[in-house]
Amino acid sequence: MLKIVGNDKMPEKRLKATKADIVLAVFFIAAAAAVLVWSFGYFGGSADSVVITAHGETVGVYSLSEDREIVVDGGSNIVVIENGAAYMKSADCKNQHCVLHAPIRYGNEQIVCLPNKVLVEIEDNGESEIDTVAN
Amino acid sequence: MNYNFCALAKIRRAAAILLVFALSLGIVFGTAGCSEPQKERFQKTYLDAFDTAISVVGYSDSEEAFTEMAETYVHNELMRYHRLYDIYTEYAGINNIKTINENAGIEPVAVDGDIIAMLEFARDMYYVTDGKVNIAMGSVLELWHDARNHGINYPDKAKLPDMAKLEAASAHCNIEDMIIDKEAGTVFLADSDMRLDVGAVAKGYATERIAQDLEAGGYTNIILNIGGNVRAIGTKADGMPWVVGIQNPDLMSSIAHIETIETDALSLATSGVYQRFYVVDGKNYHHIIDGDTLMPEDRYLSVSVLTEDSGLADALSTALFNMDYEEGKSFVEGLASSVSAERGLAAGLSENAPSRAGVTEAETDDEETEETGADSVIEVMWVMPDGEKRYTDGFEAYIVSETK
């Protein structure tokens, strides 16, 4: 059946859609649509996100594109997401290294508050240029 | 069911266009897929060992397999080394460096073979660096440690340690007073006022041991970052080198990395003024104390060392921090030409360590490296106080881009 339909030598006016034609067409459309949806997901409008953990437990995952303030561990640390970057606004630790740290925005960058065991890290989006930072 | 020709043709045309589109996408992604690793990338960070942040990045078939590797080989082992090499805390049932210090001038302390192996490595580093790395400086470093902690806790009352006390302590820093009895498995400090501080070598040494155990266990495509001691085990899963950012010593700067380098099998260690410091009268005092002046010197903002062995990288970054630039540069050039001998020396250490899984493999690795000793690398980047970067001749070959 398919062979006949696909044969260019057949006079066009005699062509008729068969069930197989419809099935084939639907299949192509579905496959193409699936690829399209998948590929858009891949190119991902999905923005980079910030993962915050305290004492090894995940506090939350937040989008870098949405400005907000996150209170960690009952206020021991306050993380701010602003203009596509995250920084430690305040910490009740003594050395304040995490507060001094510049805002982070690229995949795999981290801010660590060792005394409070708080970790703020930009999730690897697969496009990160840096694998790790020698500090 | 009958459809008119026009509708049918439209459907066919649409189907054909979509098919072509789908196939093209398939080709694009299929091709991209060839260079993409089959394995997935995972990362795990720990904050509970060696008073630092520890990251394991690697490619693995599953998250479970990756997590098990990171827990067993890296985290558990680091916790074990941390307890053994701790100078501040006692642990039930373990004699560690603190135990050795507390028995200074009193009696030899029976310790784990991994303590003895590390202390021997540290002693070798003392001689290699002409004393610029000295784990016997503990009594001097303790005065700085206490002053720093006090200054951090009470910024208004922050002050420098008393120079008279520092000078008195510096009379008790003789590495020869660390008596290691390998047969008995004991360590004894012959000078009762002497203390060991292994901060400049223990982390790098442990990093190297863990990396060698991973290699012996057949693991690859992993990069360890043990508080700044970066050690690559193989390449990334796709065969590409790892990309490592070197921290900008100016933490406030919007430029996070002062340099970005590529490496597929090397260690990178950095000693910097920003890592541990406190402020006295508006001036920062960092944690790398010069054994001659007994003060933290302002020669550099940071010194980064790129070489095979993580223990060597760690020790050299501290040693070079305590040398002037010209002295350091000629020291490194001399060392690079004899690097095979140094690595042979490091292999000799593990030879004498009590039976441990992985040691044999580690020696084999070293011997293999020795055979290709011409490829050994020791490259250095010095960041001067004004931010100027100076390099050994071969360092720039590893640089990816100036900044990010």
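Bear in mind the structure is a predicted one, so any value in this text is a computation, not a measurement.
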Region of [X] in contact with chain A, defined by heavy-atom distances below 4.5 Å:
{"X": "B:N149", "result": "neither"}
{"X": "B:Y274", "result": "both"}
{"X": "B:I223", "result": "side chain"}

Around atom [atom1] of [X], are there more than 12 heavy atoms from other residues, nucleotides or ligands closer than 6.0 Å?
{"X": "B:E63", "atom1": "CD", "value": "no"}
{"X": "B:M240", "atom1": "CE", "value": "no"}
{"X": "A:E57", "atom1": "CD", "value": "no"}

Residues in side chain to side chain contact (heavy atoms under 4.5 Å, CB included) with A:A134, at least two apart? B:V230, B:V244, B:L268, B:T270
Where B:L47 and A:L114 come nearest, the two heavy atoms and their spacing: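 Closest approach of B:L47 to A:L114, heavy atoms only: O-CD2, 3.6 Å.
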Kindly give the heavy-atom pair with the smallest separation between B:G245 and A:I130, and that separation in Å. N-CG2, 3.7 Å
With rounding to the nearest 0.5 Å, note down the distance linking OG in B:S302 to CG in A:N135.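 One gets 11.0 Å once the value is rounded to the nearest 0.5 Å.
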Could you give the distance from CG (B:D48) to NE2 (A:H55), rounded to the nearest 0.5 Å?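 So the CG of B:D48 and the NE2 of A:H55 are separated by 11.5 Å.
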When heavy-atom pairs shorter than 4.5 Å are enumerated against chain A, which of B:S271, B:S253, B:G228 gives the highest number?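 Max contact count across the listed options: B:G228.
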I need the residue from B:Q275, B:Q43, B:R148, B:Q247 with the largest number of non-hydrogen atom pairs under 4.5 Å to chain A. B:Q247
Name the atoms and distances for all side-chain donor-acceptor pairs under 3.5 Å in residues 90-100 of chain A, with sequence neighbours left out.
residue, atom, partner, partner atom, Å
A:D92, OD1, A:N116, ND2, 2.9
A:N95, OD1, A:H97, N, 2.9
A:Q96, NE2, A:A91, O, 2.8
A:Q96, NE2, A:C93, O, 2.7

